[in-house]
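Read the structure below first, then the notes.
The figures here come from the full heavy-atom set of this structure, side chains too, leaving out hydrogens, waters and symmetry mates.
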Protein chains: 2
Amino acid sequence: MAPDDAHAAHRTGGGRRDASATILDVAGRAGVSAATASRVLTGSSHAVSPPTRRRVLAAARDLGYLPNMLARSLLKRETSAVGVLVPDVSNPYYAVILRGIEDAASETGRAVIVCNTDRRGDKVRSYLRALLERRVDGLIVAGGTIRREHLAAVRSAPPIVVIGRHGVPLPSVRVDNVGAAVAATRHLIELGHRRIACLAGPAESLTAADRLTGYRRALRRAGLPARADDVARGEFSLAGGRRGGERLFARDDPPTAVVACSDQMAIGLVRLLHERGLRVPDDVSVVGFDDSPLASHTVPALTSVAIPMYEIGRRAMALLRRLLEDGGAEPVVLPVELRIRETTAPPRPCCRPRDRAAGAPGGPRVPGPA
Amino acid sequence: MAPDDAHAAHRTGGGRRDASATILDVAGRAGVSAATASRVLTGSSHAVSPPTRRRVLAAARDLGYLPNMLARSLLKRETSAVGVLVPDVSNPYYAVILRGIEDAASETGRAVIVCNTDRRGDKVRSYLRALLERRVDGLIVAGGTIRREHLAAVRSAPPIVVIGRHGVPLPSVRVDNVGAAVAATRHLIELGHRRIACLAGPAESLTAADRLTGYRRALRRAGLPARADDVARGEFSLAGGRRGGERLFARDDPPTAVVACSDQMAIGLVRLLHERGLRVPDDVSVVGFDDSPLASHTVPALTSVAIPMYEIGRRAMALLRRLLEDGGAEPVVLPVELRIRETTAPPRPCCRPRDRAAGAPGGPRVPGPA
DNA sequence: TTGTAGGCGTTATCAT
DNA sequence: ATGATAACGCCTACAA
């Protein structure tokens, strides 16, 4: 911008804002051609004499040379960057997945660009476009945010790995949410519960749909009736759990157990029950999903189906990497595990579980130390 | 992937993996030069006749043209990408900050590259290097991860905004952590507590140091002694809070109140106390920091100093944007607010707060509904 | 072992 | 109003 540095150029070393040295500077200082410098700096297999190599390395060091990846990417048609679409990073669920992705990505020098879609189609579209303009090598899409139409709008999309979707003709990493919900519900049934409600996730979420399916399947298998008003939908959040609980427990004959489709919902529910003078697990049993770090630290500690979120992230990136290198892309289904803690117990022997509020000094409030 | 499209190239429209059309394709199809196409596509002020413009636009649409930002960035020497260094995205604290950053960034079409440093110097260095090779326009560094030496190693770094640091000659966004801790501690003092402990954060964290300073200052101002063994250091985590609590409560004369330097620590501590048969707030009062969404949903609900994390993220990005445009960069200090809930109450009238375990049915266990 | 030259896709400058 | 050309920084055939 200054009139006189167009020609002064970087050779002078003058402190322009963008004064990073180019490979030509390095080559010049080492007394070699750019090609030779490049060969040394990229660790090419092309032979270079040891003395020359040393001079180039020294020059690069002295100049604080940093290769311009833009130029390199333009030429090689690959950026070693990947785009990640999640509904919301501030949701612990996705935050942990993102961590797994980033850890795996950084191991191969790849950069991760995050995008929060809020599950909104317009955001998905614009982020997708921006990511493709940046020529990311691949995409990881979590939270079932992506639809066929989004991709159709775009020629030549890079490889995509989806997290938590199935039935899509795209490589995916997921858990068996149906089976997970069956396990959670069966646990309650085996404890003796007969009226089991479900705090289900939002209608747009496939994960939510699968867990609801599993819940119903377990009920059916046990010959228990599936009452429509024992299912409340809501966000996978603290507030969602609370609000759903308000609906579930607004009746005269409330359930004795609840399958909450996320730990956040479960915690919101437990709080609500507490305010209503209902004790967990004495009056109501609650099981959550995800086994977030929190689950074992709440009072009472939450029984939860562990979903290996960090691993999901890692595997998604591993899958994408394979897609980028070879091509083989087996879908991955990770195992889940029910972690039984303190929020689940047999139902009260008596039929009306909701006889009295807080006060009642029964036995010890919760099982015991961790 | 299909065997026969390797040579089909993009001109034919065949679906090669990297078949995105270039501006030359668009120009060709519209019967104009690349320069004209560029002028239309970039919304340049340079005049273009309406019919030509239409043809270019149509061609671009037909071809599914996506500008190659690599080439553009190379030329313009700016990438509209920013790098964000955080200790760990899976920590809710940073996850929310990141969300704020990304929201603000996307409003100006900037991409966010996330990096998890785990507060390790080697990771900081390598991420920094990678980010600079990618020629990010700017950097946001959270968690006091950066030191002078890291930057010194590098010529011509782009603008940097730090989060949560002060005393560094870099534009910053932060809160008054000393004042926040004074407020939290004073709250306990005003409740009548005299033995107040502190679950402090890790020694490397400036935030932790500031909060500890505030805690001590409040004690001193109230004429209360500062006992060294009433301070336990640990990670800002559930486990950290738990372990710190073990040390704090290993003595015969435990404190009656604790300033926990994060909500996570506070929750870990509450759980530990529960296991030990100590009731919160009856036997021990606890105040946390951050006011995470969880704070109002735990049982009992956590008294906490609210830190506006989302806003911190947004402001950091806003500051960086200003740095990139004009240059003015006033440091930002955001206000905090003490949110009093259910974990703090006056100490037991009797002197030995730890007389009996669980059983004792005192008054109503917690204040009341939210 | 080293150097030369061409091109990756854009945009800015300078004609026309 | 439009077009030709150079340059951004790098890598890789190909030549020497």
Side-chain angles (χ1 to χ4, degrees), chain A residues 1 3 5-7 9-11 16-28 30-56 60 63 65-80 132-135 137 156, chain B residues 9-11 16 18-28 30-56 59-60 63-80 132-135 137 156:
Chain A
M1 284 189 169
D5 52 37
H7 48 276
H10 35 259
R11 208 58 49 119
R16 248 296 285 296
R17 193 185 141 199
D18 197 5
S20 46
T22 78
I23 204 171
L24 266 169
D25 298 319
V26 176
V32 300
S33 74
T36 301
S38 172
R39 295 196 263 255
V40 172
L41 265 11
T42 59
S44 149
S45 62
H46 198 113
V48 176
S49 82
T52 308
R53 154 162 283 123
R54 268 194 297 278
R55 291 212 313 284
V56 171
L63 260 27
Y65 171 71
L66 284 177
N68 185 328
M69 185 166 282
L70 259 28
R72 183 181 296 178
S73 295
L74 182 58
L75 192 59
K76 312 244 299 199
R77 293 148 168 276
E78 84 175 51
T79 54
S80 70
L132 294 179
E133 290 188 356
R134 285 178 193 280
R135 297 299 190 267
D137 292 341
S156 74
Chain B
H10 43 256
R11 209 55 51 119
R16 244 300 283 294
D18 196 7
S20 45
T22 77
I23 204 170
L24 266 170
D25 298 320
V26 175
V32 299
S33 74
T36 302
S38 172
R39 293 195 264 255
V40 173
L41 266 10
T42 58
S44 147
S45 61
H46 198 112
V48 176
S49 83
T52 308
R53 155 162 283 124
R54 269 192 297 278
R55 290 210 315 283
V56 171
L63 262 26
Y65 171 71
L66 283 176
N68 185 327
M69 185 166 281
L70 260 26
R72 185 182 294 176
S73 295
L74 182 57
L75 192 58
K76 313 244 297 200
R77 291 147 170 278
E78 84 175 49
T79 54
S80 70
L132 294 178
E133 291 188 355
R134 286 178 192 280
R135 297 300 191 263
D137 291 341
S156 72

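- An OP1 or OP2 oxygen of dT2(C) is reached within less than 4.0 angstrom by a side-chain nitrogen or oxygen of Ser49(A).
- When the side-chain nitrogen and oxygen atoms of Thr36(B) are compared with OP1 and OP2 of dG3(D), one or more of them lie within a distance under 4.0 Å.
- Among the nucleotides dT11(C), dG9(D), dA4(D), the one closest to any side-chain atom of Leu75(B) is dT11(C).
- Taking the C1' atoms of five terminal pairs at each end of the helix from dT1(C)-dA16(D) to dT16(C)-dA1(D), the two resulting helix axes are inclined by 50°, rounded to 10°.
- Separating the CE atom of Met69(B) from the P atom of dC8(D) is a distance of 21 Å, rounded to the nearest angstrom.
- The Thr22(A) side chain lies nearest to dC10(D) when the options are dT10(C), dG3(D), dC10(D).
- At whole-Å resolution of the value, CD1 in Ile23(A) and P in dA7(D) are 19 Å apart.
- Computed from coordinates, the Glu78(B) CD to dT11(C) P distance equals 12 Å when rounded to whole Å.
- Minimum interatomic distance between Val32(A) and Ala37(A) (heavy atoms only, all atoms of both residues): CG2-N, 4.2 Å.
- Each of dT2(D), dT11(C), dT12(D) was ranked by its minimum atom distance to the side chain of Ser38(B); first place goes to dT11(C).
- Here the P atom of nucleotide dT10(C) and the CG atom of Leu74(A) are 9 Å apart, to the nearest Å.
- Arg134(A) and Ser80(B) share a donor-acceptor pair across their side chains, judged by distance under 3.5 Å alone.
- Rounded to whole Å, the distance from NZ on Lys76(A) to P on dC11(D) is 7 Å.
- Across Asn68(A) and Leu70(A), no two heavy atoms sit closer than the pair OD1-N, 2.8 Å.
- The two residues Arg53(B) and Val48(B) make their nearest non-hydrogen contact at NH1-O, 3.7 Å.
- Here the side chain of Thr52(A) is nearest to one of dG3(D), dT12(D), dT1(C), namely dT1(C).
- Judged by closest nucleotide on DNA chain D, Ala71(B) is the one of Arg72(A) and Ala71(B) placed further toward the 5' end.
- Distances were taken from every side-chain heavy atom of Arg77(B) (C-beta onward) to each of dT11(C), dC8(D), dT2(C); the shortest belongs to dC8(D).
- Straight-line distance from the CG atom of Asn68(B) to the C1' atom of dG9(C): 6 Å, rounded to whole Å.
- Shortest non-hydrogen contact noted between Arg72(A) and Pro67(A) is NH2-CB, 3.4 Å.
- Of the residues in residues 39-47 of chain A, Arg39(A), His46(A), Ala47(A) come within less than 4.0 Å of DNA chain C through at least one heavy atom, sorted by number.
- Between the CG atom of Leu70(B) and the C1' atom of dC11(D) there is a distance of 14 Å, rounded to whole Å.
- Note that CG of Leu63(A) and CD1 of Ile23(A) are 11.5 Å apart. Values are rounded to the nearest 0.5 Å.
- In this structure, Arg54(B) atom CZ and dT2(D) atom C1' are separated by 17 Å, rounded to whole Å.
- With values rounded to the nearest 0.5 angstrom, Glu133(B) atom CD is found 11.0 Å from Ser20(A) atom OG.
- Of the listed nucleotides (dT2(C), dT11(C), dG3(D)), dT11(C) has the atom at the smallest distance from the side chain of Ala34(B).
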